[in-house]
Number of protein chains: 2
Amino acid sequence: MVTTGTGSGVTSGRRRPRRPRGSLNPEAIVAAALRVTDAEGIGALTFEALGRELGAHPTAIYRHFRDKDELLRALTDRLNEEAQLDGLPTTDDWRADLRRIAAAIHRAFLAHPAIGQLVPARTAAREHEFVTVEYIVSCMRRAGLPDAEAAACYRVFADFVLSYAGMDAALAALAPQTREAELLTWDVDYRRLPTDRFPHAAALSVHFPRLDDPANFALAVDLMIEAVAARAAARAG
Amino acid sequence: MVTTGTGSGVTSGRRRPRRPRGSLNPEAIVAAALRVTDAEGIGALTFEALGRELGAHPTAIYRHFRDKDELLRALTDRLNEEAQLDGLPTTDDWRADLRRIAAAIHRAFLAHPAIGQLVPARTAAREHEFVTVEYIVSCMRRAGLPDAEAAACYRVFADFVLSYAGMDAALAALAPQTREAELLTWDVDYRRLPTDRFPHAAALSVHFPRLDDPANFALAVDLMIEAVAARAAARAG
DNA sequence: ACCTGAACACCGTTCAAGT
DNA sequence: ACCTGAACACCGTTCAAGT
């Protein structure tokens, strides 16, 4: 829900009242930006719209963020924070722990798809990223992998989760009618592939899961975890 | 290398000669757009710059593409085409075949990172995509998976490759100094993590592979393939 | 110290007028 | 049928002037 600054039904030419000192801060700006992008997408995130949402002058935001890119980085870090909000207990089952953090990241990205789609392109080293790194590295060590291989598997698992979740977010961020058109393409075009040129795809097209089926991400995560477990077993055996 | 339209050293105010009829076509425009983005990044792809590269009026492009989004879709399809350029032989080793197509896509994305980073967000069903789908589905069937599971594994493997390669492209697309700063962050900040709060990450940080190490993608692909093989073996056994 | 108003540069898109 | 010139709307950013 996007609220106007004052809510009073003044004529559009009327001056907005000056905001009190210090009422504008990075957290409030990030929260407002998230409301704007959740409601209207990344394309609607302009300084004009953000100022309206905050009840502040559009350029007042430059007091707290050097430019739009710095604001976007803050928004992506906010998503990392939200992924950890429910808490991430470490149990005695490293596989379940990996599934838990993957699901938490995927959930946060789909809750704010306009921002989630931006994350893979931005590897900002911020406070809330460190916690995720620690959690995944811990899982890889408990799996029984030697240090160098645990580090390599951490990097691969973390980047796989970020990039796949970001792609799912990009699909979810499309305007509803555009997204439906994409999904329809798969349902229609792919089921009409000529059997002579595309025999395998034509034969299996009825089984293709929908692009936005959450089972896709879950299966990808499971495959990754099984492969890590197999490597750990090979080291131990 | 970005060439000017005519190459003649005319003064900037001089009118450019009218282009002959039909000399402008989608292929020429896509090729010119790829030259611009390869040399100066996605931010430099404006109608103004593209017109300059083509020696044509900026708005002449609207004759062949409805808007900028349609041009970008054509560019992403061009990357799919390029990934298949070397030819994709089907051998009797489905694992090697999956590695081959994954590497071909990764290579094409990194050859044109500014466009590669856009692909995961755009699931355009175009001619050159169908070929990739057929190839991967064929591998999954030869692995011995039953139809429904082969279809699910195709979807997951294809989207995993696209999203991971797109993320690698996004890093490669950064301006050199920005990219170096990102990589330095990992080399410096992560090796100074406080041991009390981040014991596992601090212990393994010296082993973290570089973000732009091509071995990361190769390892991710291998893990996926091993997991698919294990599932196929479980079905057979 | 912080906020506001105005101006500037840039870019996608449209369209009537040309050839 | 195709291309060109000009105009329009929009947006990020800067900065001098206000409180």
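Residue numbers begin at 1 in each chain, while the letters A, B, ... track the order of the sequences. No hydrogens, no waters, no symmetry mates; every other heavy atom, side chains included, goes into these values.
A:Phe47 meets the ring-ring contact (aromatic ring centres under 6.0 Å, His included) test with A:Tyr62; sequence neighbours excluded. Evaluation of the side chain to side chain contact (heavy atoms under 4.5 Å, CB included) rule for A:Ala218 yields no partner, not counting sequence neighbours. Under the rule for a ring-ring contact (aromatic ring centres under 6.0 Å, His included), the partners of B:Tyr154 that lie at least two apart in sequence or sit in another chain are A:Phe208.
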Could you list all N or O pairs between the protein and nucleotides 11-15 of chain C that sit under 3.5 Å apart?
residue: C:dG12; atom: OP1; partner: B:Lys68; partner atom: NZ; Å: 2.4
residue: C:dG12; atom: OP2; partner: B:Phe47; partner atom: N; Å: 3.2
residue: C:dT13; atom: OP2; partner: B:Tyr62; partner atom: OH; Å: 3.2
residue: C:dT13; atom: OP2; partner: B:Lys68; partner atom: N; Å: 3.1
residue: C:dT13; atom: O5'; partner: B:Tyr62; partner atom: OH; Å: 3.4

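The strand DNA chain D forms stems, runs of 3 or more Watson-Crick or G-U wobble pairs with distances below 3.5 Å, at C:4-8 with D:12-16, C:12-16 with D:4-8.
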Derivation of the salt bridge (charged side-chain N to carboxylate O under 4.0 Å, His left out) call for A:Glu129 and A:Arg73: CA-CA 12 Å; A:Glu129 195 180 65; A:Arg73 288 182 104 83; over 6 Å; no
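Rounded to an integer number of Å, the gap from B:His57 NE2 to C:dG18 P is 15 Å. Between B:Ile61 atom CD1 and D:dT4 atom P there is a gap of 11 Å when expressed in whole angstrom units. One atom, CZ of B:Arg63, and another, P of C:dT19, lie 17 Å apart when rounded to the nearest Å.
When the options B:Phe217, B:Phe160, B:Tyr164 are evaluated for a ring-ring contact (aromatic ring centres under 6.0 Å, His included) with B:His106, the one that passes is B:Phe217.
Listed by first then second residue, pairs satisfying salt bridge (Lys or Arg N to Asp or Glu O under 4.0 Å) with a partner in residues 164-177 of chain B number zero, not counting sequence neighbours.
Although no hydrogens or angles enter the test, the distance criterion places a donor-acceptor pair under 3.5 Å between the side chain of B:Ser163 and the main chain of B:Asp159. Side-chain atoms of B:Ser138 never come within 3.5 Å of backbone atoms of B:Glu134 as a donor-acceptor pair (strictly under, hydrogens ignored).
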